[in-house]
Amino acid sequence: MKKIQTIIGIAALSVLSATAQEGQPWIHDPSTIMECDGKYYTFGTGSGGLISEDGWNWHRGAVRPGGGAAPDAMKIGDRYLVVYGATGGGLGGGHSGCIYTMWNKTLDPSSPDFAYTDPIEVTRSEVDEDCDAIDPSLLLDPIDGRLWLSYGTYFGFIRLVELDPNTGRRVKGNKETNIAIDCEASALVYRNGWYYLLGTHGTCCDGVNSTYNIVVGRSRSVAGPYLDNMGRDMLKGGGKMVLGGSRRLAGAGHFGRVVIEDGVEKMSCHFEADYDRSGRSVLAIRPLLWKNDWPYAGELFRDGVYEIESERRGYALELAVDFVRLDIKGKPFWQIKDDEPVSRLEEQKLEDVVEGWGDGDLRVRIGDFMGRPHQNWNISAVPEAGGFLGGQYCKIVIDRTDRALTATADREVIASAYTGSDAQLWRIEQLTDGTYRIMPKSVPGCNEELVLVSVADSTPSLGKFDMNSDNSKWNFKK
């Protein structure tokens with residue numbers, strides 16, 4: 001019988017069990033993730049922040065003067081605007097605080113253009129005020145180009161002020177507007193005619209006992225009122241859950257949104273404590289999904305054996321091999337009497353059919369899913385291949401074999417022996433509607449970004465991603 005190469009092991013099965021980014025993603029109160037000259041940056045409470053060359057592995061090295069708490073960052077034109085809060089005893093204690101903005105041409109500390117401007121005060125709070133000037137966040141309104149700053153903590157109101165997008169200063173004469181209570185670390189987002197206010201509810205800075213969770217309300221106006229899915233005003237404590245803690249991660253907080261392209265979005269946050277990393281506060285990135293115009297966090301893709309199902313028709317990706325009938329001994333169902341013993345039938349085994357597949361490359365097609373060996377794809381991360389924002393590249397092989405899904409120079413897909421080439425490494429990303437796109441790391445002889453598509457009910461190929469077409473979308477079922 002044809003030899004079967006087993007390529008799955010215990011180590012491979014645990015690769016994608018990581019619940020936060022790799023490297024040393026230690027951070028608290030991360031800013032929105034920014035891309036600059038091919039690298040990713042985020043800043044946190046205290047000084048500095050994190051850098052990643054691929055979006056998955058993070059290390060220290062980002063530079064932000066001023067210290068303070070809970071910064072945010074945004075690119076406006078060809079410059080980066082950074083905002084942060086200075087608070088506490090240095091300004092008299094209590095609720096006293098001050099929020100500053102500063103500019104830089106680049107976030108790369110090694111660049112000759114790297115130089116922050118002097119900080120500009122944009123708002124402050126007094127010791128006995130019902131708002132803390134801390135936890136700032138920025139929104140550049142895509143409709144009218146106005147720049148908004150939200151800020152505040154759990155101990156008082158979340159407030160909104162307008163800034164000048166050219167100078168980073170507060171618009172003269174602009175008055176604060178109260179928009180929420182019972183949350184902090186706010187963030188403003190605009191999408192599909194709605195303004196969204198995301199806030200962090202619950203207790204902070206208590207390690208594994210922190211109850212931080214991210215909630216949201218929405219409004220047709222940037223000034224509110226922000227109502228949740230039950231019509232409760234965030235000024236009265238409303239808010240729909242977006243992401244909370246889990247068994248091994250405590251306290252999700254400080255939402256940030258990154259739009260990759262139409263249909264592909266990410267959300268960043270920190271978890272107050274990662275049980276698997278000594279209880280450190282860690283950076284986390286999740287797919288950002290939308291349902292009925294409400295945001296919610298998607299899930300990291302996990303290693304496992306899957307049916308890969310086309311959204312176009314519901315058929316499954318499979319090897320183009322001859323169908324082999326199961327040889328089941330016994331009566332047809334209509335001859336089985338009700339009182340006869342029930343027995344368990346075995347599924348078709350790889351050993352029963354693999355010899356008929358032959359050697360060499362095999363075509364790939366799409367067909368009715370029957371749980372057969374030629375339809376069971378084992379997907380596992382390849383750590384040495386690096387990653388992308390929020391994920392790792394994976395190999396996709398027929399379970400218990402080395403037959404790997406492979407992109408070809410003629411923009412097709414085949415199953416060939418796994419070598420670890422870029423054409424056999426796949427970027428699996430959850431889309432905003434909950435389906436997935438499957439993208440090769442590279443296509444031989446092609447500089448375009450292509451994805452796995454279903455060009456017909458039974459024909460997989462590679463083509464341009466189109467969020468409006470079910471041809472570009474796939475589902476994974478264990």
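Counting begins at 1 with the first residue of the sequence. It should be emphasised that the depicted structure is a prediction, and the values quoted were computed from it without experimental measurement. Hydrogens, waters and symmetry mates are skipped; everything else that's a heavy atom, side chains included, is used.
When side chains are defined from C-beta on, C36 counts as touching Y80, because their heavy atoms get closer than 4.5 Å. A heavy-atom distance below 4.5 Å is found between the side chains of F301 and I379. A 4.5 Å side-chain heavy-atom check between L197 and M234 finds at least one atom pair inside the cut-off. Between Q348 and V353 the shortest side-chain heavy-atom distance falls below 4.5 Å.
With hydrogens and angles left out, the side-chain atoms of Q424 and T406 include a donor and acceptor closer than 3.5 Å. A donor atom on one side chain and an acceptor atom on the other are not found under 3.5 Å apart for E184 and Y151. Residues N475 and E311 have side chains that bring a donor and an acceptor to within less than 3.5 angstrom of each other.
Judged by distance alone, with hydrogens and angles left aside, the side-chain atoms of N213 form a donor-acceptor pair with the main-chain N or O of T211 at under 3.5 Å.
For D457 and R312, the salt-bridge test passes: some basic side-chain N is under 4.0 Å from an acidic carboxylate O.
Both the sub-6.0 Å distance and the 45° axial angle are satisfied by K395 relative to the ring of Y418.
Considering CG of L431 and OH of Y436, their distance stands at 9.5 Å, rounded to 0.5 Å. The OG atom of S461 sits 8.5 Å away from atom CG of L452, with the distance rounded to the nearest 0.5 Å.
When the options L163, L138, L160, L140 are evaluated for a side chain to side chain contact (heavy atoms under 4.5 Å, CB included) with W148, the one that passes is L160.
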Using side-chain hydrogen bond (donor to acceptor under 3.5 Å, both in side chains), reason through S150 and S137 one step at a time and then give a plain yes or no.
CA-CA 5 Å; S150 65; S137 181; 4.5 Å; no
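Aromatic ring centroids of H201 and Y154 lie under 6.0 Å apart.
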